[in-house]
Amino acid sequence: MHLSSETFDANARAALNDAQLRGALRKATSLFGKRRLEAARSLENWEELRTQARAIKDETLLHLDRYLEEFTANAEKAGAQIHWARDAAEANGIICRLARERGARLAVKAKSMATEEIHLNAALEANGIEAIETDLGEYIIQLAHEAPSHIIAPAIHKTRVQIAELFTEKLGINKTDDIAQLTITARQVLRDKFAAADLGISGVNFAVAETGTILILENEGNIRCTTSLPKTHVALMGIEKVIPRFADLEVFLKLLPRSGTGQHLTAYQSLITGTKRNADDEGPDELHIIVLDNSRSRMLAHPTTRQALACIRCGACLNACPVYQQIGGHAYGSVYPGPIGAVITPQLFGLSRAAQLPFASSLCGACREVCPVKIDIPELLLHLRAEIKETSKVRDQRSERVSPNRAEQVAFRLWAAVMARPRLYELSGKVFRFLQRSAARDGAIRRVHGLLGRLAPPLAAWTGTRDLRPIEPETFREYWRRAAHD
Ligand code: SF4
């Protein structure tokens, strides 16, 4: 089922009630988080690398036109053919035309967020071309007719048992939840597809202006097969993928795998510069690189939103985000979920279609802490919130409608009034502590005996899905007064 960003609140509520989903997410995100931390600690100059990476991205984005021209000129010199696509429709049109002109019936695909963004599979299908995902996670969700729920681990939300059931149903194998056996099954199916495919379609991790090279990272070897076995290779890249120099790759190769999976380096790094030089060489006869804008130049134009284009799609902010950890990727209704998705989705697909997403954050800053390119996601979220509020204010004034968030506004005004009056603040703490006495057990207010949660609707939203820590018996002010007199 494909969910929409417009119904984020309802999607999130449904996800919170899915215990299996939350269990799978907890396991996967905490493992990724732990591995990332260990991998980052293995480098003494981690912080320095983050600063360098951001500086490289900032420099590139500031002169993007120049670096794109340099990249495309060098790629063409090496034998690649460049195509520019203003939006998803144009990119799909170009790829489908290339496929039709070559009489293609079957395309193998490597994992690529950009192809998900433009819904390429549906476009190919409409043109009578079968598109097979070859990354194991992508293959699983394609079999399940679902969308990816994580930038680097598309099937993160699925348990081993669910995958076993899916393989039995779709591939007709005997039921087994042995991971090795399931992987062998997928490999056997996909090998035949690689051999028969007319077209190989991939994304791009980095495009080097200096040499016209594209770099694609992976762990399964499927990208190697996708980009070298079919006669034609089509690579789709957003305009932000370009970096100036070959030497810059060293910085990103240290940061991206460590931040994504906690690996020091991915198992494969494919550096592709043009087409093969001799007939006997391995590789496709043709390389087509589609350079996609799709609203990115609008993001580039604003100094605040520009930094979102520095994203290298490592997924670390998803794993660190307390919201993503609870609801997973599908609730965002976008190919880009989590904190960076909440920033990118409204800008790519329109504020009105994803207006709830920038509010899906506690602004705790965990995403900013882990981001290898130091993107200030909370700043971007606040920027988008202000923009959304401004737009809805104008709309409300025009239609003389009362803002649907009036209750929230009143609650925050009350909160501000209490916070500004020390005596009132102290009194409210005492009232809360008195009320919580009937609800707290063993150091937590839980749903099972959530009297407070049931009686007070704003708190019920919290205790409905997790425990609430009671307010300490002694406030900081009381402690301070006591300590001063001791
Ligand atoms: S915003 Fe940063 S942490 Fe999140 S996916 Fe992009 S690069 Fe990774």
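Numbering of ligands and ligand atoms starts at 1, following listing order. The figures that follow rest on heavy atoms only: side chains count, while hydrogens, waters and symmetry mates do not.
At least one donor-acceptor pair closer than 3.5 Å links the side chain of R22 to the backbone N or O of L16.
Applying the salt bridge (charged side-chain N to carboxylate O under 4.0 Å, His left out) criterion to E286, with sequence neighbours excluded, gives R102. Judged as a ring-ring contact (aromatic ring centres under 6.0 Å, His included), and not counting sequence neighbours, the contacts of Y324 are H150.
When heavy-atom distances to ligand 1 are checked against a 4.0 Å cut-off, L318 has no atom that comes that close, whether in backbone or side chain.
Counting only residues at least two apart or in different chains, salt bridge (Lys or Arg N to Asp or Glu O under 4.0 Å) contacts with residues 213-228 are absent.
Using a 4.0 Å cut-off to heavy atoms of I377, the atoms of ligand 1 that qualify are 1 (S).
Using a cut-off of 4.0 Å between Lys/Arg side-chain N and Asp/Glu carboxylate O, E390 and R385 are scored as not salt-bridged.
Distances shorter than 2.8 Å separate atom 8 (Fe) of ligand 1 from the protein N/O/S atoms C314 SG.
A donor-acceptor pair shorter than 3.5 Å can be found between the side chains of Q263 and N219.
Within the 4.5 Å cutoff, side-chain heavy atoms of L357 are placed close to those of Y332.
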